[in-house]
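All remarks here apply to the structure that follows.
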Amino acid sequence: MSKELGFIGVGNMGLPMARRLIEAGFQLTIFDVRREPVQRLVQLGAKAASSPKEVADLCETVFLSLPTPSILKTVTFGPDGAAHGSRMKRYVDLSTTGPTASIAIGKELAEKKIVHMDSPVSGGVGGAEKGTLAVMVSGPKKDFDEIKPALEIIGKVFFIGDKPGLGQTMKLCNNMMSAAAMAITAEAVVMGVKAGLDPEVMVQVINAGSGANTAIRDKVPRSVIPRTFDYGFTNALMYKDVKLCMEEAEAIGAQMFVGAAVRSIWELTNSQMGGDKDLTSIFQVVEKWAGVEVKKVKK
Ligand code: NAD
């Protein structure tokens, strides 16, 4: 594949993914509405574009890592949107935007002979930095083969299928499970602490036992017990993902009873703690009710 790539949206996830691509020898043309991450990547050798359209004027393949479906639509079809670029042939969405938006955008781009591909990722900021993300691609197989070398720089690549939206559906299933794990881990750990357990002992035992999950393995020891609440994924994004999953489930007639409870607790966390706060702050919502804090025990 060509070593020239466009990259739009260089936030918590986009920045480390873009950095890895630059370090692997790709020539990146980037755009973000924030100057700070753009400048950091320019210092590493990236070229800054003035709009999504300019990125798409200069690059055949454009990667995106954007927060929400509505921002994705503006970046794609707005007045300076990527769809108006003269060179772009392939639009690869690394964001979590759900199959409905993905299919709609793909249809509109097809009219301009631009191939749209789902390529959402999982594994957090740490995974983006280390290049160990799970990358879930759907779209035409020949385009997948073309972009695979670049995707392999950011993680383990899975071809989910050629049906539009499949990669996004895969990602929503994954994130619903991750959101449920985080919510129930907050409730169980707070309950244990209230009853007198040491949270560090809980982490060790549960990780050796059948309750193990990504929340108790990574998020609790890294960002809850030290009280930093800085894992790198916001409440707004988590609530968005859970909502998108429930909307899709309802649309296709799949039942998600536990999913409905998970949606409620993330809605509560989002409104009480704020959408810009880290997802580990769900612990503070549960702690407040119980009147305890999950923190290092002084011995
Ligand atoms: P983020 O908010 O840190 O990054 C998004 C970036 O998009 C920001 O730099 C922002 O300035 C930029 N942006 C916003 N509006 C824009 C516009 N109109 N034009 C250009 N740039 C614009 O979010 P993130 O955590 O990096 O997540 C990005 C996507 O990846 C989301 O869809 C999220 O659900 C998904 N995701 C995140 C994680 C994670 O752990 N953070 C993990 C997997 C998937």
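As the structure lists them, so they are numbered: ligands from 1, and atoms in each ligand from 1.
- When non-hydrogen atoms are compared, ligand 1 lies under 4.0 Å from the backbone of V10 (N, CA, C, O) but not from its side chain.
- The shortest N or O to N or O distance between G124 and ligand 1 is not under 3.5 Å.
- If you check each of T68, L237, V121 against atom 43 (C) of ligand 1, the one with the closest non-hydrogen atom is V121.
- Note on L72: it clusters hydrophobically with V62, by side-chain heavy-atom contacts below 4.5 Å among ILVMFWY residues.
- Distance CE/M117 to CD/E146: 10.0 Å, rounded to 0.5 Å.
- Under 3.5 Å, the side chains of Q168 and T97 contain a donor-acceptor pair of N or O atoms.
- Not a single heavy atom of T74 sits under 4.0 Å from any atom of ligand 1.
- If you look at V33 next to ligand 1, the close heavy atoms, those under 4.0 Å, come from the backbone and the side chain alike.
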**OP:** I would like to know whether D230 and S223 meet side chain to side chain donor-acceptor pair (under 3.5 Å); could you show each step before the answer?
**Re:** CA-CA 6 Å; D230 62 350; S223 302; 3.1 Å; yes
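- Looking only at protein heavy atoms, the nearest one to atom 31 (C) of ligand 1 is L66 O, 3.2 Å.
- In terms of protein heavy-atom proximity, atom 12 (C) of ligand 1 is closest to D32 OD2, 3.2 Å.
- Results of the side chain to side chain contact (heavy atoms under 4.5 Å, CB included) test with I282 over V224, T185, I265 single out I265 as the only residue that passes.
- The shortest N or O to N or O distance between I8 and ligand 1 is not below 3.5 Å.
- Residue contact check: V75 has heavy atoms under 4.0 Å from atoms 17 (C), 18 (N), 19 (N) of ligand 1.
- By the 3.5 Å distance cut-off applied to N or O atoms, M13 is counted among the residues near ligand 1.
- Note that CZ of F283 and CD of E187 are 10.0 Å apart. Values are rounded to the nearest 0.5 Å.
- Residue contact annotation: P37 has no non-hydrogen atom under 4.0 Å from ligand 1.
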